[in-house]
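The structure appears right after this line, and notes come after that.
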Amino acid sequence: MARIEVLKTYKIFIGGKFPRTESGRYFHVKNSEEKLLANMCLSSRKDFRNAVVAARKVQEKWANATALNRGQILYRIAEMLEDRKLQFIDELILTGSSKPQAKKEVELSIDRLIYYAGWGDKFQQIFSAVNPVASNHFNFSVPQAMGVVSVIAPNEFPLLGLVSMIAPIIVGGNTCIILSSEKNPMVSISFAEVLNTSDVPHGVVNILTGKRSELIDHFSSHMDVNAIVYCGNNEKQILNIKTLAVENLKRSYIYKKTNWDSDESQSPYFIEKLQEIKTTWHPTEV
Amino acid sequence: MKLLDLNKTPTIDKVGVHERVNRFCSRSVKTSAKIQGLYLTLSMIDLTTLEGKDTPSKVKHLCYKAQHLHDSIPDLPTVAAVCVYPTLVGIAKKELRGSKINVASVASAFPSGQSTLEVKLADTKFAVEQGADEVDMVISRGKFLSGEYNFVYDEIAAIKEACGNAHLKVILETGELDTLDNIRKASDIAIYAGADFIKTSTGKISPAATMPVTFVMLNAIKDYHKKTGIKIGMKPAGGISNSKIALQYLVMLNETLGSDWMNKDLFRFGASSLVNDVLMQLVKSESGIYQSLDYFSKD
């Protein structure tokens with residue numbers, strides 16, 4: 001007897017749970033031969049709002065976890081992804097990658113997680129300084145997490161692009177809400193399953209699927225978001241982000257590059273960009 | 001004055017109550033109706049601080065907030081009352097002089113109610129002497145659960161007398177009463193013994209206010225009104241932390257008791273974090289931008 005096909009329902013990832021979009025809407029993801037692969041949630045601004053609440057709630061706790069612990073958790077994500085490598089390769093092939101491309105993308109993603117896991121308790125030393133001052137003070141500067149970050153992930157490299165965004169953001173103690181690749185969102189939700197089994201506290205990473213054009217204004221304007229990262233080349237969208245981000249002086253970072261598989265796409269500076277530098281003046285003896 | 005016959009207190013259909021409450025939660029309140037509801041919510045809030053660590057400056061801070069919820073929105077209503085412990089009533093009274101905001105005080109060995117009647121009466125009288133306009137008392141749940149209804153009734157009546165002109169709100173602490181039948185019974189006792197308001201919870205016990213519990217209490221009020229024509233007020237307290245829930249309570253109130261109850265004289269929310277959420281919603285609906293607590297005064 002033929003088995004009944006068991007298809008996966010792709011939902012979104014908010015606060016450690018997998019709800020459907022509150023809007024009840026969905027969109028089709030098709031392969032190059034126009035065959036339907038999945039119905040994805042078409043997230044609404046209210047899903048984003050809920051995700052920000054989840055991200056804000058856990059941010060302080062996450063930032064207060066030890067740097068070592070955050071690094072360990074990133075390493076754990078890498079372990080879990082390694083474990084499910086074949087599934088991710090298959091999923092990428094389904095959506096148009098060749099087998100060698102897919103294998104390379106998954107392996108690079110794992111390596112990138114390990115790269116940032118290693119930086120977890122080291123970047124602070126690189127970016128800190130003791131500053132010479134002309135008074136009786138011991139003056140030093142240290143990086144601190146910015147808070148909640150909204151991210152428009154790259155359309156290219158649906159997995160590697162996502163990992164390249166998430167890893168440097170969370171290793172520095174931030175929490176994030178990510179709109180995954182619009183073209184190829186399936187793999188982002190499978191990655192959410194990996195996150196969910198890796199001791200990442202609920203709400204540290206929230207993943208939405210949907211349309212950039214609908215969500216980008218809210219990603220940029222939300223007063224409780226401290227920074228926005230945008231990957232893409234749409235000048236109109238970039239201008240929009242820069243304008244709306246002004247309201248609460250959000251930091252905004254625009255990445256027009258698409259070569260997320262290159263070595264230069266991983267660097268401690270990706271961590272540093274999402275840190276605020278705090279300078280302390282400590283009185284010393286006269 | 002009608003006499004209370006507990007044999008005539010109806011039993012509660014739990015499933016029916018939950019079904020009905022779910023209906024209230026499915027109402028869609030949008031745009032201008034939502035704004036109106038949010039304004040009404042603000043005007044019904046008893047801004048509350050009931051902690052062991054309360055200090056005079058914290059109460060002063062709270063009183064300032066009560067009068068200046070968010071000055072960048074013009075024509076905002078003030079909250080209905082500030083609710084504090086008896087020893088801090090004097091300070092709140094002084095800070096709120098000249099405003100229309102009432103001072104409410106908890107009394108009668110709040111929150112446990114485990115003390116003698118003499119102590120409770122002295123506690124109540126002290127709060128009233130200090131200038132409290134409203135007194136929130138707790139019933140003796142231990143006595144209630146052991147079936148000593150007369151004791152509970154007499155105690156409420158005695159405290160009502162000690163209140164003088166101050167309004168009496170009777171806290172049932174529904175989280176400790178276990179069943180909806182008990183809650184209905186306690187509501188009836190409180191109403192007949194002279195409560196001006198009945199209130200769900202102290203905020204110290206979980207679960208605090210829930211919609212099914214409030215619905216049962218609203219129905220006790222409705223039945224009493226039918227019988228005597230007297231309008232008793234309702235105050236759910238604790239656990240109402242955001243605007244959406246508050247609006248659902250207002251829907252329930254309107255559909256159970258009608259528009260006569262839709263004002264601060266007959267309905268209150270006991271809450272503190274609710275204020276900022278309502279304010280954020282109001283600013284959001286005006287600007288279209290989701291708000292952050294960073295830009296609103298701390299509770």
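Each chain gets a letter, A, B and so on, in the order the sequences are listed, and its residues count up from 1.
Counting heavy atoms of neighbouring residues, nucleotides and ligands inside a 6.0 Å radius, atom CZ of Arg25(A) exceeds 12 of them. Atom NZ of Lys211(A) is surrounded by more than 12 heavy atoms from other residues, nucleotides or ligands within 6.0 Å. In this structure, Tyr255(A) places its OH atom where more than 12 heavy-atom neighbours from other residues, nucleotides or ligands lie under 6.0 Å away. Within a 6.0 Å sphere centred on CZ of Arg27(B), other residues, nucleotides and ligands contribute more than 12 heavy atoms. The environment of Lys57(A) atom NZ is sparse: at most 12 non-hydrogen atoms of other residues, nucleotides or ligands sit within 6.0 angstrom.
Between Asp294(B) and Met223(A) the shortest side-chain heavy-atom distance does not fall below 4.5 Å.
Only the side chain of His218(A) comes within less than 4.5 Å of a heavy atom in chain B; its backbone stays farther off. Interface residue Asn248(A): backbone and side-chain heavy atoms are both found under 4.5 Å from chain B.
In terms of heavy atoms, Ile289(B) sits closest to Glu247(A) at CD1-CG, 4.3 Å. Gln291(B) and His222(A) make their closest contact through O-CE1, 3.6 Å (heavy atoms, listed as atom of the first residue, atom of the second, distance).
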